[in-house]
Amino acid sequence: MSTILVTGGAGFIGANFVYYLLENHPEDRVVCVDSLTYAGNLSTLRAALADSRFAFYRQDIRDRAGIEAVFQKEKPDAVVNFAAESHVDRSIDAPEIFLQTNILGAQVMMDACLAHGNVRFHQVSTDEVYGDLPLDRPDLLFREDTPLHASSPYSASKAAADLLVQAYCRTYGLAATISRCSNNYGPYQFPEKFIPLLIANCLSDKPLPIYGKGLNVRDWLYVADHCKAVDLILRRGRIGQVYNIGGHNEMRNIDIARLICRALDKPESLITYVTDRKGHDLRYAIDPEKIHTELGWSPETAFADGIRRTVDWYLANRPWWEEILSGEYRDYYRKMYDDR
Ligand code: NAD
Ligand code: TYD
């Protein structure tokens, strides 16, 4: 039996990963470390908390002593680091916390891994570290050797963490891997992000804010496919390697907004163009050839199915997101969108 420590497991992808492990690896224990920022939600882990193979610690990854105590108690065999500040718009507004959590927090986790006999470490990174691609060159894709060229404080902090992971591999021999995934969607995504924001606004007949002209392109992947890829890399990936994760599913923002309107039978007149994001990346697109050939990974969820499942999940779990919308998120929304 292995013990896998998942940081950020009360957030969107981390929670999906916790459930993925519990379902697919009955032989493993899963320990979650999460400080429960605005984006963390313990109710997301309710079913996991009822499982004797799961343990939760409310713990900040920047806190060395606290992380050391968790390592001493749980003796993890592997760490998967999802914990991060993850929203680009917030990073433009207030970058400092992104540098602290995403870079220094990752360092604390790596130091703990080294101090406990070189515990296997996986860093969950993002395709945003590569910057963006032009809209008129569909032939160009992000490969693992594409130079880092971050645009936002968020992506710069993730790129810095990636460099640090690689430095720890080379200098201290840390047994680490990195994955860089494209945009995820699915259950439990915080409603500040594009797809759940569109769904929640549609369901309240509120305007759907589209930055700029809505022509920016993202490469969408269903969250369960990301979880499967991370699990494969953790168990079979080559130490020191970077793996891109994506499923060749590029979509323009405006087309996503129209699709959500259709899925919920709402008029497209809800679509409202607003002032563009500063430094807004034009296009992301992943070349997943390496993970496909080395680890046999391919996405299993077609976008039409994934989006239907996601919409159905938000319809069936209204209390989960309505609770968020009624809290401090209201102030965030006003600040970000009123008079935009
Ligand atoms: P999220 O914002 O939904 O969740 C982040 C979680 O981390 C929350 O539970 C939060 O409480 C926790 N956290 C934040 N700061 C912490 C700290 N200092 N100590 C402990 N816990 C802390 O994020 P997400 O969308 O699930 O993203 C997870 C990871 O995946 C991030 O590293 C992100 O960069 C990466 N990623 C996300 C996407 C995407 O589309 N969402 C795509 C590729 C990569
Ligand atoms: P987001 O979900 O924030 O992910 P990221 O910026 O990390 O790719 O945004 C996805 C796309 O949707 C991005 O091009 C910005 C755009 N967007 C809007 O047009 N309106 C919005 O209200 C939000 C949150 C995003």
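Every number for a ligand or one of its atoms is a count from 1 in the order of the listing. Since this is a predicted model, take the numbers as computed values, not measurements. The analysis underlying the following values was restricted to heavy atoms, covering all of them including side chains, and did not include hydrogens, waters or symmetry mates.
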Student: Which ligand 1 atoms are under 4.0 Å away from a heavy-atom of N183?
Tutor: 40 (O)
Student: Side chains of E68 and H116: donor-acceptor distance under 3.5 Å anywhere?
Tutor: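 Yes, side-chain donor-acceptor contact under 3.5 Å.
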Student: From the options L42, N16, D60, I195, select the one whose nearest heavy atom is closest to atom 18 (N) of ligand 1.
Tutor: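 The residue whose heavy atom sits nearest atom 18 (N) of ligand 1 is D60.
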Student: Is there a donor-acceptor pair under 3.5 Å between the side chain of Y20 and the backbone N or O of V230?
Tutor: no
Student: When you check ligand 2 against the protein, what N or O pairs turn up below 3.5 Å? List the atom names and distances, or just say none.
Tutor:
unit_1: ligand 2; atom_1: 2 (O); unit_2: F194; atom_2: N; d: 2.9
unit_1: ligand 2; atom_1: 3 (O); unit_2: R277; atom_2: NH2; d: 3.0
unit_1: ligand 2; atom_1: 4 (O); unit_2: N183; atom_2: ND2; d: 3.4
unit_1: ligand 2; atom_1: 6 (O); unit_2: R277; atom_2: NH1; d: 2.5
unit_1: ligand 2; atom_1: 6 (O); unit_2: R277; atom_2: NH2; d: 3.3
unit_1: ligand 2; atom_1: 7 (O); unit_2: E128; atom_2: OE2; d: 2.5
unit_1: ligand 2; atom_1: 8 (O); unit_2: N183; atom_2: ND2; d: 2.9
unit_1: ligand 2; atom_1: 8 (O); unit_2: R218; atom_2: NE; d: 2.7
unit_1: ligand 2; atom_1: 12 (O); unit_2: N253; atom_2: ND2; d: 3.4
unit_1: ligand 2; atom_1: 14 (O); unit_2: R218; atom_2: NH2; d: 3.2
unit_1: ligand 2; atom_1: 14 (O); unit_2: N253; atom_2: ND2; d: 2.9
unit_1: ligand 2; atom_1: 14 (O); unit_2: H280; atom_2: NE2; d: 2.7
unit_1: ligand 2; atom_1: 19 (O); unit_2: Y211; atom_2: N; d: 2.9
unit_1: ligand 2; atom_1: 20 (N); unit_2: P209; atom_2: O; d: 2.9
unit_1: ligand 2; atom_1: 22 (O); unit_2: Y337; atom_2: OH; d: 2.7

Student: Any idea which part of T101 is under 4.0 Å from ligand 1, heavy-atom wise: side chain, backbone, both or neither?
Tutor: side chain
Student: Please check if V80 and L221 belong to a single hydrophobic cluster, counting links between Ile, Leu, Val, Met, Phe, Trp and Tyr side chain heavy atoms closer than 4.5 Å.
Tutor: yes
Student: Do you know which two heavy atoms are closest between R330 and L325, and how far apart they sit?
Tutor: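 The pair with the smallest heavy-atom distance is CG-O, 3.1 Å.
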Student: In terms of residue, atom name and distance, what is the protein heavy atom nearest to atom 44 (C) of ligand 1?
Tutor: S125 O, 3.0 Å
Student: For a ring-ring contact (aromatic ring centres under 6.0 Å, His included) with Y188, tell me which candidate from F12, F17, W313, W321 qualifies.
Tutor: W313
Student: Return the residue, atom name and 0.1 Å-rounded distance of the protein heavy atom closest to atom 3 (O) of ligand 1.
Tutor: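 Nearest neighbour among protein heavy atoms for atom 3 (O) of ligand 1, to 0.1 Å: F12 N, 3.1 Å.
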Student: Pairing donors with acceptors under 3.5 angstrom, does anything connect the side chains of H87 and Y38?
Tutor: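 No - no donor-acceptor pair under 3.5 Å links their side chains.
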Student: What I want to check is whether the side chains of Y337 and N201 have a donor and an acceptor closer together than 3.5 Å.
Tutor: no
Student: Which atoms of ligand 1 sit under 4.0 Å from any heavy atom of Q59?
Tutor: 19 (N), 20 (C)
Student: So, does T7 use its side chain to make a donor-acceptor pair with the main chain of F82 at under 3.5 Å?
Tutor: yes
Student: Tell me: protein heavy atom nearest atom 1 (P) of ligand 1, and distance?
Tutor: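 Of the protein heavy atoms, S86 OG, 3.5 Å lies nearest.
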Student: At a 4.0 Å threshold, what atoms of ligand 1 neighbour a non-hydrogen atom of Y154?
Tutor: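 Atoms satisfying the 4.0 Å criterion: 33 (C), 34 (O).
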Student: Has N102 got a side-chain atom pairing as donor or acceptor with K158's backbone, closer than 3.5 angstrom?
Tutor: no
Student: Is it true that a side-chain atom of T171 and a backbone atom of Y168 form a donor plus acceptor pair closer than 3.5 Å?
Tutor: no
Student: Where is the nearest protein heavy atom to atom 9 (O) of ligand 1: which residue, which atom, and how far?
Tutor: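 Of the protein heavy atoms, D34 OD2, 2.6 Å lies nearest.
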Student: At the 4.0 Å heavy-atom cut-off, does C181 count as touching ligand 1?
Tutor: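 Checking ligand 1 against C181, which is what was asked, there is a heavy-atom contact under 4.0 Å.
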Student: When you measure from atom 30 (O) of ligand 1 to every protein heavy atom, which one gives the shortest distance, and what is it?
Tutor: V124 CG1, 3.5 Å
Student: List the closest protein heavy-atom neighbour of atom 10 (C) of ligand 1: residue, atom name, distance to the nearest 0.1 Å.
Tutor: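 That would be T37 OG1, 3.2 Å.
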Student: Check F190 against ligand 1 and report side chain, backbone, both or neither, counting heavy atoms closer than 4.0 Å.
Tutor: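 Answer for F190: neither.
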Student: May I ask you to check whether N184 has an N/O atom sitting below 3.5 Å from an N/O atom of ligand 1?
Tutor: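 By distance alone, the answer is yes.
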Student: Is a donor on one side and an acceptor on the other found under 3.5 Å between the side chain of N253 and the backbone of Y211?
Tutor: no
Student: Any nitrogen or oxygen of G11 lying under 3.5 Å from a nitrogen or oxygen in ligand 1? Just yes or no.
Tutor: yes
Student: Would you say D231 and H25 are linked by a side-chain donor-acceptor pair, where the criterion is simply a distance under 3.5 Å?
Tutor: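 D231 and H25 do have a side-chain donor-acceptor pair below 3.5 Å.
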Student: L36 heavy atoms, cut-off 4.0 Å: which ligand 1 atoms fall inside?
Tutor: 11 (O)
Student: Among all protein heavy atoms, pick the one closest to atom 19 (N) of ligand 1 and tell me residue, atom and distance.
Tutor: I61 N, 2.9 Å
Student: Test salt bridge (charged side-chain N to carboxylate O under 4.0 Å, His left out) on D28 and R53 and set out the steps.
Tutor: CA-CA 7 Å; D28 288 344; R53 292 179 298 127; over 6 Å; no
Student: Determine whether E74 and R29 satisfy the following criterion, salt bridge (charged side-chain N to carboxylate O under 4.0 Å, His left out), listing intermediate values before the conclusion.
Tutor: CA-CA 10 Å; E74 298 290 349; R29 283 190 74 235; 2.7 Å; yes
Student: Could you check atom 21 (N) of ligand 1 against the protein and tell me its nearest heavy-atom contact, residue, atom and distance included?
Tutor: S35 N, 3.1 Å
Student: Does an N or O anywhere in I13 fall below 3.5 Å from an N or O of ligand 1?
Tutor: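 N/O-N/O distance under 3.5 Å: yes.
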Student: Say whether, by atom type as modelled, one donor and one acceptor occur between the side chain of D34 and the main chain of A10 under 3.5 angstrom.
Tutor: yes
Student: Less than 3.5 Å between some nitrogen or oxygen of N81 and one of ligand 1, yes or no?
Tutor: no
Student: Are Y154 and E85 close enough that a side-chain donor and a side-chain acceptor fall under 3.5 Å?
Tutor: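 The answer is no; no qualifying pair exists.
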Student: Number the atoms of ligand 1 from 1 as they appear, then name those within less than 4.0 Å of a heavy atom of A84, with their elements.
Tutor: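 So the answer, numbered in order with elements, is 5 (C), 7 (O), 14 (C), 31 (C), 32 (O).
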Student: Just by distance, do the side chain of N244 and the backbone of F142 share a donor-acceptor pair under 3.5 Å?
Tutor: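 The answer is yes, because a donor-acceptor pair under 3.5 Å joins these two groups.
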Student: If we only consider heavy atoms of A15, is any one of them less than 4.0 Å away from an atom in ligand 1?
Tutor: no
Student: Should Y38 be counted as touching ligand 1, given the test is an N or O pair under 3.5 Å?
Tutor: no
Student: Using a 4.0 Å cutoff against the non-hydrogen atoms of F82, which atoms of ligand 1 qualify?
Tutor: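 Heavy-atom distances to F82 below 4.0 Å select 28 (C), 29 (C), 31 (C), 32 (O).
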Student: So, is A83 polar-close to ligand 1, with some N/O to N/O distance under 3.5 Å?
Tutor: no
Student: Distance-only, no hydrogens or angles: does the R180 side chain make a donor-acceptor pair with backbone N or O of I286 under 3.5 Å?
Tutor: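 Absent.
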Student: Looking at S182, which atoms of ligand 1 are within less than 4.0 Å of one of its heavy atoms?
Tutor: 42 (C), 43 (C)
Student: Considering non-hydrogen atoms only, spot the tightest contact between A263 and R308 and give its length.
Tutor: O-NH1, 3.7 Å
